[in-house]
Amino acid sequence: MSQSTPLGEFLRARREALKPQDVGLPEYGRRRVKGLRREEVAMLAGMSSDYYVRLEQGRESSPSPQVVEAVARALSLDEEATEHLHRLIRPPVQRRAAADDHVSPQLLQLMDSWPTSPAFVLGPALDILAANTMATALHEGFAATDNLARMVFTDPAGREFYRDWERAAHSCVAELRAAFGHDPESARVNQVVDELCSASPAFAELWARHEVKSKTQEGKHLRHPRVGDLHIQFSAFTVNGAPHQQLVVYQAQPASATAAAFEQLRASAARVTARTLHHNDAI
């Protein structure tokens with residue numbers, strides 16, 4: 001009897017996402033299977049069909065690095081997806097240690113030193129572990145700001161805030177899939193995935209694609225409920241000493257409309273902080 005494995009699920013999803021013409025194979029008539037056939041992948045990878053079937057069915061979980069590279073080429077995987085494939089066959093003892101939610105005081109101090117740049121720290125399951133004042137002001141339209149994936153998929157504010165919502169949705173799911181590849185047994189990642197698969201058909205459909213992508217440097221178009229459209233650049237950095245955490249920083253071009261909007265957010269947040277301090281002093 002075969003059983004489903006993260007490796008087998010990934011291979012099947014990526015095989016089903018390809019068409020014969022994508023890999024230079026002819027296509028004759030109507031096909032009874034979605035995407036490539038298993039024997040076609042095996043042929044492209046230079047291995048027996050039986051061996052490839054065992055990989056997908058969970059009966060062969062420790063292929064050699066050469067086999068992994070051959071399969072990656074057959075499935076036209078990019079560099080990041082190939083790395084993900086290697087992680088899925090890596091023994092559990094080689095995977096990273098379990099993550100925690102502790103954000104170092106030095107990192108918190110650094111984020112607070114950026115009065116005009118929203119900055120926040122993400123955990124593997126896209127939990128927002130810490131945020132500076134500007135990030136809090138930027139996300140004020142959301143009902144809750146504890147998990148980025150939930151903000152995108154289950155909060156109605158998400159579709160208004162992320163002007164290219166489809167792109168944001170794909171990015172969230174691909175980042176969660178990458179985190180899953182690092183640690184398929186992560187209780188928190190699996191909890192968030194199960195919750196979102198139940199709550200959002202859009203998330204469930206994207207999760208089944210097994211696409212992998214980590215954060216990079218690129219632009220975003222956002223819309224804040226008070227200050228309007230924002231065109232920002234963002235950078236994501238792995239946190240030294242806590243490689244399961246990412247520091248995300250949003251920046252505006254100097255002298256731009258977005259920079260002026262960020263200044264409005266900063267001034268508004270400063271007024272709120274001042275009122276809070278005044279209220280606390282009066283108690």
Side-chain angles (χ1 to χ4, degrees), residues 13 17 78 80-81 84 111 117-132 134-182 188-238 244-253 256-259 261-262 265:
D78 61 19
E80 198 157 14
H84 178 75
M111 290 193 299
S117 293
F120 52 96
V121 178
L122 291 175
L126 301 187
D127 293 311
I128 297 180
L129 305 179
N132 68 2
M134 277 291 289
T136 300
L138 180 68
H139 295 137
E140 66 184 23
F142 290 89
T145 56
D146 56 342
N147 183 276
L148 196 63
R150 281 204 296 261
M151 291 162 64
V152 170
F153 284 97
T154 65
D155 192 320
R159 288 185 179 266
E160 180 64 21
F161 181 78
Y162 296 100
R163 300 312 298 156
D164 190 347
W165 184 87
E166 293 288 342
R167 179 180 172 187
H170 278 79
S171 179
C172 270
V173 176
E175 289 161 28
L176 278 173
R177 181 58 76 178
F180 179 85
H182 279 286
R188 180 56 183 160
V189 172
N190 280 285
Q191 179 185 15
V192 170
V193 168
D194 290 345
E195 174 189 331
L196 291 175
C197 280
S198 297
S200 170
F203 178 90
E205 191 274 329
L206 290 174
W207 181 252
R209 296 185 187 182
H210 287 252
E211 295 172 347
V212 181
K213 179 186 176 185
S214 56
K215 284 189 177 297
T216 55
Q217 296 183 351
E218 55 187 62
K220 284 183 180 289
H221 181 191
L222 311 175
R223 180 171 293 167
H224 189 274
R226 286 194 297 106
V227 300
D229 286 345
L230 303 169
H231 296 274
I232 62 99
Q233 291 291 320
F234 86 87
S235 299
F237 308 92
T238 299
H244 54 277
Q245 295 179 3
Q246 291 185 85
L247 170 64
V248 179
V249 184
Y250 289 173
Q251 294 178 297
Q253 287 290 338
S256 65
T258 297
F262 273 9
L265 286 179

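Source: prediction; values computed, not measured. Computation of the quantities below employed the complete heavy-atom set of this structure, encompassing side-chain atoms and omitting hydrogens, waters and symmetry-equivalent molecules. All residue numbers in this chain count up from 1 along the given sequence.
Taking 4.5 Å as the limit, every side-chain heavy atom of Q245 sits out of range of all side-chain heavy atoms of L122. Two residues are said to be in side-chain contact when any heavy atoms from C-beta on lie closer than 4.5 Å; K220 and Q233 fail this criterion. T154 has its side chain out of reach of F203: every pair of non-hydrogen atoms, C-beta onward, lies at least 4.5 Å apart. Contact annotation: the side chain of M111 approaches that of L247 to within less than 4.5 Å [non-hydrogen atoms, C-beta and beyond]. Between P118 and F120 there is no side-chain heavy-atom pair separated by less than 4.5 Å. V248 is not listed as a side-chain neighbour of V121, based on a closest heavy-atom distance of 4.5 Å or more. Looking only at side-chain heavy atoms (C-beta outward), N190 and F180 come within less than 4.5 Å of each other.
The ring of W207 has its center no closer than 6.0 angstrom to the ring center of F153.
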Chi angles and distances behind the side-chain contact (heavy atoms from CB on, under 4.5 Å) call for E195, R150: CA-CA 9 Å; E195 174 189 331; R150 281 204 296 261; 2.7 Å; yes
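When all heavy atoms are compared, the tightest approach of C172 to A149 is SG-CA, 4.1 Å. Of all non-hydrogen atoms in A131 and T136, the two that sit nearest each other are CB-OG1, 4.1 Å. For A204 against C197, the heavy-atom pair with the smallest separation is CB-O, 3.9 Å. Residues Q246 and A236 come closest through the heavy atom pair OE1-CB, 3.8 Å. Here the shortest heavy-atom pairing between A143 and D155 reads N-OD2, 2.8 Å. Nearest heavy atom pair, residue A157 against residue G141, reads CB-O, 3.6 Å.
At least one donor-acceptor pair under 3.5 Å links the side chain of N147 to the backbone N or O of A125. Between the side chain of S200 and the main chain of L196, no donor-acceptor pair closer than 3.5 Å is present. A donor-acceptor contact shorter than 3.5 Å is absent between the side chain of H231 and the backbone of L222.
If you check the side chains of E175 and S171, you find a donor sitting under 3.5 Å from an acceptor.
Atom OG1 in T258 sits 8.5 Å away from atom CD1 in I232 (nearest 0.5 Å). Here L129 contributes atom CG and H244 contributes atom NE2; the two are 7.5 Å apart, rounded to the nearest 0.5 Å. To the nearest 0.5 Å, atom CD of residue E140 and atom CZ of residue F142 are 11.0 Å apart.
Partners of H170 by ring-ring contact (aromatic ring centres under 6.0 Å, His included), not counting sequence neighbours: none found. Residues meeting the salt bridge (Lys or Arg N to Asp or Glu O under 4.0 Å) test with D229, sequence neighbours left out: R223. For Y162, the ring-ring contact (aromatic ring centres under 6.0 Å, His included) test picks out no residue, with sequence neighbours left out. By the salt bridge (Lys or Arg N to Asp or Glu O under 4.0 Å) test, R177 is found to be paired with no residue, residues two or more places apart in sequence or in another chain being considered. Under the salt bridge (Lys or Arg N to Asp or Glu O under 4.0 Å) criterion, R209 pairs with E205, not counting sequence neighbours. By the ring-ring contact (aromatic ring centres under 6.0 Å, His included) test, F262 pairs with no residue at all, sequence neighbours left out.
A salt bridge links R188 and D127; the closest N-O separation between the charged side-chain nitrogens and carboxylate oxygens is under 4.0 Å.
Of the options L138, V152, L230, a side-chain contact (heavy atoms from CB on, under 4.5 Å) to F161 is made by L138 and by none of the others.
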